[in-house]
Amino acid sequence: MGNCMSPVNHSRPNSPVTAPASAALNEPTSSSATNQTGPTGLGDPNQRRTDRKGKDRASSTEDRPVGRLHSRKRSSMSGSSVLYNLRRYATTPNPTANLPPSLLLLSSPNAIAIFDAYPKAKYHFLVMPRHPFPPQSDPESRSSITSLESLEDLKSVLMKCSREVREEVLTAMANMAREVEEMIRDEMLKTEGFEWKIDVGFHAIPSMKHIHLHVISDDRIGSGLKKKHHHNSFRPDLGFFVPIMEVQRWIEDDSNMQERVDALSGAERLLHTPLTCHKCDEFMANMPKLKTHLEKHFKEEKEAALKHIAKHGRQRSSDEEIF
DNA sequence: GTTCTAGAAC
DNA sequence: GTTCTAGAAC
């Protein structure tokens, strides 16, 4: 029980979300990615979240007698395990069989993509490397080219992994992020009739263990977006959100790596930046006002895009497809 | 990461 | 009176 609710909530009853075969830059391994054929409705966060929450609760120790001491101990334990949830997913053997489709979007020999539990936009996914992490030359291998500890966050991948390993890890993540982006664009077209921007990047200071890459649509309309620091943490112009393309430039020229890692650690203050719209930079007195404002942006963007499509038969020129 | 809640802002 | 934020607790 609890998971019987269908995650499918869109008009197309059974259109499988299949990854495109067009990932030109992909290594051979990513072609063996397993695509879930289950859920469409990539952007139905609320329902999905309810599902999973129910499941988590069911597996906890809620049936024990209630008592202050016990409940304090229990909740603090489950609280800290939250920090390790991603690591649990990333180390699950055979994710397709062992992780529910309401959680898992994609899996390949060295990476998985999951639904963010508290989405900060209409589409919000996390991509992470699996562990053990097989060498890309031999995706079937059960040995890992790096330790679990070295995959704790971006900083540890940059500082603790060899040049080769960090390149393989980041490439695997980038390739899967590209597949996720394609799936999102498909879904955007199906549900709204147009495509909009998607951001791909890391948080400078993540709050859960195991390195994860955010793939998030730039509408920023999501049930999980409640605080100023949520919004600031995804602004590509502030510095707390680090686009993957920037990290890839870093590893091409790793001469300043220590400096860059130090800058990551100092990024906390950026979360306290005054609340302004990430699209037009207008000051927002509070979160409810921002939310209303973002809805307006989205509505206007959609209207403009649909008008443009009606007139020209397509949404945009190819030179805009650069992210 | 989220939830809870006291006190500020309205 | 209600809404909202930010910090403590989990």
Side-chain angles (χ1 to χ4, degrees), chain A residues 45-62 64 66-92 99-100 102-105 112-121 123-129 151-156 199 201-216 220-235 238 240-242 264-265 267-278 282-295:
Chain A
N46 284 319
Q47 214 173 40
R48 206 176 299 281
R49 183 188 160 216
T50 312
D51 263 17
R52 193 158 49 255
K53 204 170 177 187
K55 186 174 186 285
D56 286 347
R57 290 246 169 94
S59 64
S60 77
T61 50
E62 283 306 305
R64 285 217 211 132
V66 182
R68 245 172 232 161
L69 292 176
H70 286 125
S71 76
R72 171 174 294 193
K73 194 173 180 188
R74 259 207 320 278
S75 44
S76 84
M77 282 168 72
S78 70
S80 75
S81 90
V82 164
L83 302 180
Y84 290 90
N85 275 349
L86 299 184
R87 182 174 274 182
R88 249 183 34 228
Y89 304 146
T91 54
T92 299
L99 298 176
S102 57
L103 174 71
L104 183 71
L105 179 72
I112 60 172
I114 64 166
F115 288 84
D116 189 290
Y118 300 92
K120 309 294 190 291
Y123 300 96
H124 187 182
F125 298 91
L126 303 180
V127 170
M128 53 197 141
L151 296 178
E152 180 166 312
D153 55 23
L154 178 58
K155 183 175 169 181
S156 65
D199 293 308
F202 298 94
H203 277 162
I205 304 171
S207 39
M208 287 184 291
K209 306 288 185 184
H210 205 74
I211 182 172
H212 53 284
L213 179 63
H214 293 269
V215 181
I216 181 171
R220 303 296 161 30
I221 298 171
S223 56
L225 192 91
K226 294 178 174 170
K227 302 284 191 174
K228 178 171 82 169
H229 73 256
H230 291 150
H231 187 250
N232 281 339
S233 74
F234 287 105
R235 289 190 63 144
L238 272 191
F240 191 90
F241 185 84
V242 187
L264 290 181
S265 310
E268 204 271 343
R269 64 185 174 84
L270 299 170
L271 297 177
H272 300 104
T273 306
L275 187 64
T276 68
C277 171
H278 66 291
E282 188 181 327
F283 175 76
M284 296 287 133
N286 54 46
M287 288 302 289
K289 282 179 179 140
L290 175 69
K291 281 172 170 275
T292 309
H293 179 88
L294 291 176
E295 296 277 1

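Remember, predicted model here, so these are calculated numbers, not experimental data. Just so it is clear: chains get the letters A, B, ... in the order the sequence lines come, proteins before strands, and each one is counted from 1.
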Show, in sequence, the C-alpha distance, side-chain angles and deciding distance for A:Phe202 and A:Ile211, and conclude whether the side chain to side chain contact (heavy atoms under 4.5 Å, CB included) test is met. CA-CA 8 Å; A:Phe202 298 94; A:Ile211 182 172; 3.6 Å; yes
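- For A:Asn232, the side-chain hydrogen bond (donor to acceptor under 3.5 Å, both in side chains) test picks out no residue, with sequence neighbours left out.
- In this structure, the CG atom of A:Leu83 is 11 Å from the C1' atom of B:dT2, given to the nearest Å.
- Under the salt bridge (charged side-chain N to carboxylate O under 4.0 Å, His left out) criterion, A:Lys120 pairs with no residue, sequence neighbours left out.
- Looking at residues two or more places apart in sequence or on another chain, you find a ring-ring contact (aromatic ring centres under 6.0 Å, His included) between A:His124 and A:His214, A:Phe234.
- Between the P atom of B:dT2 and the NE2 atom of A:His203 lies a distance of 10 Å, rounded to the nearest Å.
- With rounding to whole Å, A:His229 atom NE2 is found 12 Å from B:dT3 atom P.
- Between the CZ atom of A:Phe240 and the P atom of B:dG1 there is a distance of 7 Å, rounded to whole Å.
- Here A:His230 lies in heavy-atom contact (under 4.0 Å) with sugar-phosphate atoms only.
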Side-chain polar contacts of residues 268-277 of chain A - donor-acceptor pairs under 3.5 angstrom, sequence neighbours left out - could you list them?
| unit_1 | atom_1 | unit_2 | atom_2 | d |
| --- | --- | --- | --- | --- |
| A:Thr273 | OG1 | A:Leu270 | O | 2.5 |
| A:Thr276 | OG1 | A:Arg235 | NH1 | 2.5 |
| A:Thr276 | OG1 | A:Asp281 | OD1 | 2.9 |

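- To the nearest angstrom, C1' of B:dG1 lies 16 Å from NE2 of A:His210.
- Residues passing the salt bridge (charged side-chain N to carboxylate O under 4.0 Å, His left out) test with A:Glu282, sequence neighbours excluded: none.
- Residue contacts shown for A:Lys289 are absent, as no nucleic acid heavy atom lies under 4.0 Å away.
- The CG-P distance, from A:Leu225 to B:dT3, rounds to 13 Å in whole Å.
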Report, one pair per line, the protein and nucleotides 5-9 of chain C atoms (nitrogen or oxygen only) whose separation is under 3.5 Å.
| unit_1 | atom_1 | unit_2 | atom_2 | d |
| --- | --- | --- | --- | --- |
| C:dT5 | OP1 | A:Met287 | N | 2.8 |
| C:dA6 | N7 | A:Lys227 | NZ | 2.7 |
| C:dA6 | N6 | A:Lys227 | NZ | 3.1 |

